[in-house]
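Hydrogens, waters and symmetry mates are skipped; everything else that's a heavy atom, side chains included, is used. Residues: numbered from 1 along the sequence shown.
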Amino acid sequence: MTDVLEKGISLRGVTKTYGSTVALAQLDLDLRPGEVLGVAGPNGAGKSTLVRMIAGEERPTLGTLTFDGRPWSPSVEWQAVAVVHQEPQLFPNLTVAENVMVGREASGTRRPKLGAADAAVMEALGIGDLRNRALEDCSLATQQRTEIARAVARAARVFLFDEPNSALTAKESDELFREIHQLADSGRIVVLITHRLEDLVEQCKRVAVVRDGRVRTILEGEALTEEGLARQLVVDATVTVATDTASGATRDPNAPPVFATRGWTLPGVFSDITLHGAPNEIVALMGVEGSGARELLRSLAGLEGCGGALTINGVAGTEAIDRFTAYVPATRQFSLYSNYTVGENLLVRLGRPEIAGAAFALRKRQMKTLAEDAVKRFMVKTGSITQPIRSLSGGNQQKVAIAQALNCSPKLLLLEEPTRGVDIHSKSEIYRLLETFAAEGNSVVMFCTEVLEIYEAAHRVHVVSEGRLSPPLAIADYDHVEQLATDITRLEGEQRGGAVAAAE
């Protein structure tokens with residue numbers, strides 16, 4: 001791939017580094033007008049950096065970008081690119097129509113009026129009747145469609161869709177993809193980045209698989225299948241601690257479960273879920289956004305209002321959740337206090353008996369000892385406990401977020417994507433922390449989007465699709481992560497097929 005495209009965007013030898021971190025490494029890729037190009041890759045592969053590079057938000061450390069054969073100049077041509085983000089980048093205090101028109105307002109003091117072309121786009125995306133509603137009063141699906149409408153209505157030549165239908169229904173997704181193909185058919189460059197292998201296969205002519213900052217292969221034609229993509233996403237992956245984790249502590253099949261659900265239901269998301277976790281066990285839930293997997297994990301932490309029965313450590317209901325669970329969200333900024341020190345963040349979840357005495361006075365000497373012990377126990381690399389939390393690496397910040405939860409001595413630890421955005425060494429240490437915690441007679445439940453993470457960290461996995469829970473797969477039964485990826489993809493297909501048959 002040496003020649004640049006006369007029409008379209010070419011990336012040649014593009015490298016992007018942030019200090020010692022290499023986000024993109026000699027990446028080559030062509031984006032052609034008139035097609036929908038898919039981009040797939042595990043978390044941390046470089047997909048987001050690639051999007052920012054094409055959008056002109058980042059400049060390469062090395063390498064070149066060309067647009068229609070000439071050097072790409074973000075300062076001149078930034079309006080040629082529209083990005084539709086997974087998390088809508090909108091203004092909640094404006095109406096739906098005003099959000100669609102943001103950036104294209106006329107000068108003067110009068111409020112802009114919706115043009116016929118904008119109105120047609122909104123009607124096509126099913127939000128025409130909501131044009132005068134404040135965005136803050138709209139659902140997430142409507143907000144996402146509003147951002148899509150804003151991108152479509154712009155006179156852009158390049159459209160980057162980053163997980164655009166994660167909050168959309170099947171009907172809404174069909175409408176979105178119809179718009180995407182109309183853009184491509186009109187000669188625009190369209191890129192679809194998603195974890196949904198089914199969407200990549202059905203909507204794209206070519207799919208570039210990105211791993212470790214490089215385009216490792218491009219699948220097209222008969223090679224473009226869900227199974228083929230699943231294998232490519234994990235091939236040659238570096239397995240860190242799979243052997244140690246898979247063995248774990250001895251599990252007594254007759255021991256009562258740490259937690260169990262029966263008839264567990266969140267209307268419109270999942271229903272009648274039966275799930276349990278044994279002592280010394282790490283359970284993974286896998287599913288794309290919108291499958292119900294993330295919501296199922298959050299429900300075990302009491303963050304979703306569910307019907308049915310839940311018991312933890314022999315106690316039922318909300319009392320069990322309050323006493324025996326600890327939850328770590330996917331975004332560590334939601335767990336950490338950026339203005340606190342490392343030590344303060346480690347102790348922030350502890351109750352009064354551990355850190356306060358009479359009249360609620362803090363036991364500073366006790367707190368210092370507890371924080372220093374936690375740094376050692378949880379392998380946090382820091383100069384001192386008084387160091388600002390924001391000065392730590394991403395991996396060490398994540399270890400502090402998990403340490404916060406473990407310091408509460410829960411019986412059930414709940415984590416969303418526990419190693420998203422951390423380096424390989426930190427991943428290994430985090431998996432070791434989880435295995436040690438489970439081996440003390442506790443249970444761990446993780447929501448994962450990566451097969452490799454499941455292979456490295458879990459003892460069994462359930463696939464969630466269309467709100468349905470698959471039978472479990474035992475990780476110890478697999479000698480190779482590629483075969484696990486194939487079976488997970490098969491289960492996802494069976495779950496989708498079952499949902500369609502039930503609907504009919």
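Under the 3.5 Å distance criterion, with hydrogens and angles disregarded, a donor-acceptor pair is assigned to the side chains of Y431 and E453. In the model, T449 has a side-chain atom that pairs as donor or acceptor with a side-chain atom of E417 under 3.5 Å.
Heavy-atom minimum distance, T265 versus D272: OG1-N, 2.9 Å. Contact detail for M53 and L65: the closest heavy-atom pair is O-CD2, 3.8 Å. When all heavy atoms of G263 and T274 are compared, the closest pair comes out as N-OG1, 4.4 Å.
Annotation: side chain of D28 is not in contact with side chain of L11 (no heavy-atom distance under 4.5 Å).
Contact check on E179 versus R145 returns no salt bridge, with no Lys/Arg side-chain nitrogen under 4.0 Å from an Asp/Glu carboxylate oxygen. With salt bridges taken as basic N to acidic carboxylate O contacts below 4.0 Å, none links D162 and R52. No salt bridge links R178 with D185; every basic N to acidic carboxylate O contact stays at or beyond 4.0 Å.
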Original post:
Stepwise, does the salt bridge (charged side-chain N to carboxylate O under 4.0 Å, His left out) test hold for D129 with R133?
Top reply: CA-CA 9 Å; D129 293 340; R133 181 175 297 183; over 6 Å; no
**OP:** List the steps and the verdict of side-chain hydrogen bond (donor to acceptor under 3.5 Å, both in side chains) for E227 and T489.
**Re:** CA-CA 6 Å; E227 293 77 10; T489 303; over 6 Å; no
**OP:** For the pair K427 and E456, evaluate salt bridge (charged side-chain N to carboxylate O under 4.0 Å, His left out) and give the outcome as yes or no after the intermediate values.
**Re:** CA-CA 9 Å; K427 282 186 178 183; E456 292 179 314; 5.4 Å; no
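A side-chain donor-acceptor contact under 3.5 Å links T486 to the backbone of E482.
Heavy-atom neighbours of H480 NE2 from other residues, nucleotides or ligands within 6.0 Å: at or below the threshold of 12.
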